[in-house]
Amino acid sequence: MVEIGIVVGEARPERIKFFTKEAVRVGEFVVTDTVDGRVLYLVESSKLESKLLSSVGDYITAIEAKEASKANPRDVVRYCAARAVGLIEGVLKGRRVYPTLPPEPGSAVFLAEDDLLRQIFHNDSREWVEVGRLLRRDGVIVSINLNKVASRHLAILAATGKGKSNLLALLAKETAEKNGTMIILDYHAEYCKLKIEKARFVTPRINPRHLDSEELADMLDIRSDATRQRGILGRAYNKNVASSPNFWEALKKNLEDIVENEETDFQAKVTAERVLEIIDRGLAIKGNIFNTETESPLDIIEPNRINVLDLSGFTEIQAQIIVARYLTEILNDRKNATLGRRSRFKSPVVIAVEEAHTFIPYDRKSKCSDVLARIAREGRKFGVSLILVSQRPCKLDADVASQMGSFAVSGLTHPKDQDFVMEVTDEVSTELGASLPSLNTGEMILAGQWVTVPALVKVDLIEEKVIGMDLNAIEMWAEDVNVGYRRISTEELIRL
Amino acid sequence: MPMTLKQLFERANLLKQRLREEEGSERYQAWLKRAKNVWRPYQPKKVRKKIAAVDSGWNYRMYGGFYLYTIRAMAVAPSSETVTEPVVEVDIIPMGVEDSGIRPELYMQGVAECYEHDLASKASKFSDIVLVDGSILARLNAMDILKKVRLLKDYVVYMRPLKNARNILFISKYSQDRRLIRGGVGDVYYINRATRDIGYTEPIISEKEGVMTSVFYVRLSENSDAMHVEVPAIVNSEYVKSVIDALYGTAVKGYPYALMVAHEMASVPNDLMDMVVEAAGLAALPTAREVLEVG
């Protein structure tokens, strides 16, 4: 092993600081000896400082200090902080055992060898799948435990363009290859071109009979402050309507009765007429999402497939209602399966929630907050797991996020987002969190139960993914030219 | 505001007025003019020379009945490498020092200067230029005091080899030497106000205790403060130019970098002193400061 540094300052069992002769990058793995045995450490911060240049206050002095610093090798200090990943002996067996004592100050720090890292990060067994390579070691393949994703939940928290959708697509592909079931709640129609063999693209269907009058009002786009319209709809939407063979006719009939009733005051008549218009408009525009015959929304979701549920056509509230309906049904179905009753999904279901902050906001209860919280808490028992995907983690409900067993984090620049990540997982420290903004696309910190040890990973770019990319406006405009102004031949011109 | 503070700021204000008046005076302008006249602008050439710098540091702790002190002295190159074997001393200040009316600081300074002179003389054999932080003339002037603590003999022994050492330079940034301009305050004050370019003053010769010393001022980079330089030998302006050429390339804010390194490496900060105290087995004894804090 190559000796690269020396332990200095206050060492603790879980954390060391060391000086190095050459620069050592954040994300690198180093090794040092303790009385308990050899320990693997992850470098979480790397500082390079010229004492001389740190004290200058103007440009000219800086130029002079630069020259003087060149002459003094002691002036430049390379300083790293690293966190204990665990005793190597344990890590190689998949167990994280921390040393009970820190290394002696002055202990040599070695660069971990590629072979050792390969043994730790690469796993061929069935439940593990390859997702990329160690960021600082191109030759070390990193595997993740898909079983943990399907049981202990995962949060993919990264800034826009850092590879969230690529990672989700990669997990979808791997899940498909394992014959698993995944439902992607696709709020921005990002996954509509996902080229995975078992991918299915479905538009959600909802039976209005299963909604209460407020939910029905939301689905029909009646404004939340239109209390009169909502009141009239509530009056019209009674048990008879819900059980009527022709739901919409029955509902409209009740509204027409209100209009025609001589005892109805003028204002109520006008309001009922308006609600009738709204229903007609709603059915004309979004009628295909309502299915008054369907027993369960799950009928359109196929087990052992990647089901992409396109929510892009809905308002936030509508999408929340749909998600609440689907997730409640899925959880109930899986409960039935666990209890040996009739069920649609015989095996675990992974639910990926894109734009998760829209569905579980931190500052209020959404229409689907409860069911998402329930799945986060109890889903493991019934084989329902969540993959929360968000670029604004600080806007997520912390209680739900803290139930996530695994994390993929990248590119978060806002301090509140960084703090949130550190709050919900103790595997991303302040030092490591500080490196988040400097990560490039596809470079992520993978931490938690799905990896043997936390690591900075360059996630593989999935070829099947044609999603999440910025639109090529120039190319598309150029295509428009060809479409709109078709080149006319001389012959055609003569004919004109 | 307490009365004393009010008086304090009134006095400071009065001083400000006095200084303003002085700056407007004719004699002040004459001093500035003289500083300008003696200044010789110079365009330096970078010349690589082997440079060493000497400095010392000391610290002490007061205990009931004795003082524990630590001295470090070093001769270093700008690369932080030591040029000669460094000197360290940890001891108790001799009992007679306080009785002679000499403060412990002065005693340690005397001992540290002996080491500095010894190191400078040794380093001068391996280096083109040896820089020492301080003033040899000031040291020679203060020598008599050391008689009281029986340090004079040693002091003279270490001072002797410096005589006529052309490559040992004593450097001070905050000199109060008034021999050149003969103004109200030190020469360097007027030089810094009257000139801003790289340059020097012609050496003037002073004699003290049989040591002929050339005194001059140099500025190593534009807009930085000039330094007071003493060489315990007779030198001319060509020599001064060669000194600027040698130091100009590695000066930071007009100060030789080697001296900065020597200062940092020789200093005895409080945390290092704490460790020395522990190593000497004295950590359990209350220091005079602690007694004051309790009282």
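Basis for what follows: all heavy atoms, side chains included, without hydrogens, waters or symmetry-related copies. Just so it is clear: chains get the letters A, B, ... in the order the sequence lines come, proteins before strands, and each one is counted from 1.
- Counted within 6.0 Å of NE2 on H263(B), heavy atoms from surrounding residues, nucleotides or ligands total 12 or fewer; the atom is thus considered open.
- To the nearest 0.5 Å, the span separating CD on E67(A) from OH on Y248(B) amounts to 10.0 Å.
- Among all heavy-atom pairs drawn from S80(B) and N72(A), the shortest one is OG-OD1, 2.6 Å.
- E264(B) touches chain A through its side chain: at least one heavy atom from C-beta onward sits under 4.5 Å away, while N, CA, C and O do not.
- Open room surrounds NZ on K17(A); 12 or fewer heavy atoms of other groups in view lie less than 6.0 Å from it.
- In I60(A), the CD1 atom is not crowded: 12 or fewer heavy atoms of neighbouring residues, nucleotides or ligands sit closer than 6.0 Å.
- If you measure heavy-atom distances from T250(B) to chain A, the contacts under 4.5 Å come from the backbone alone.
- Around the CD atom of E104(A), the shell of radius 6.0 Å holds no more than 12 heavy atoms that belong to other residues, nucleotides or ligands.
- With a 4.5 Å cut-off on non-hydrogen atoms, L52(A) touches chain B through its side chain but not through its backbone.
- Of all non-hydrogen atoms in D58(A) and K253(B), the two that sit nearest each other are OD1-CE, 4.0 Å.
- For M275(B), the CE atom counts as loosely surrounded, since its 6.0 Å shell holds 12 or fewer non-hydrogen atoms of other residues, nucleotides or ligands.
- Crowding of E89(A) atom CD: a count of heavy atoms from other residues, nucleotides or ligands under 6.0 Å not exceeding 12.
- Heavy atoms of K70(A) lying under 4.5 Å from chain B are absent altogether.
- Across every non-hydrogen atom of P73(A) and S79(B), the tightest pair is CD-O, 3.6 Å.
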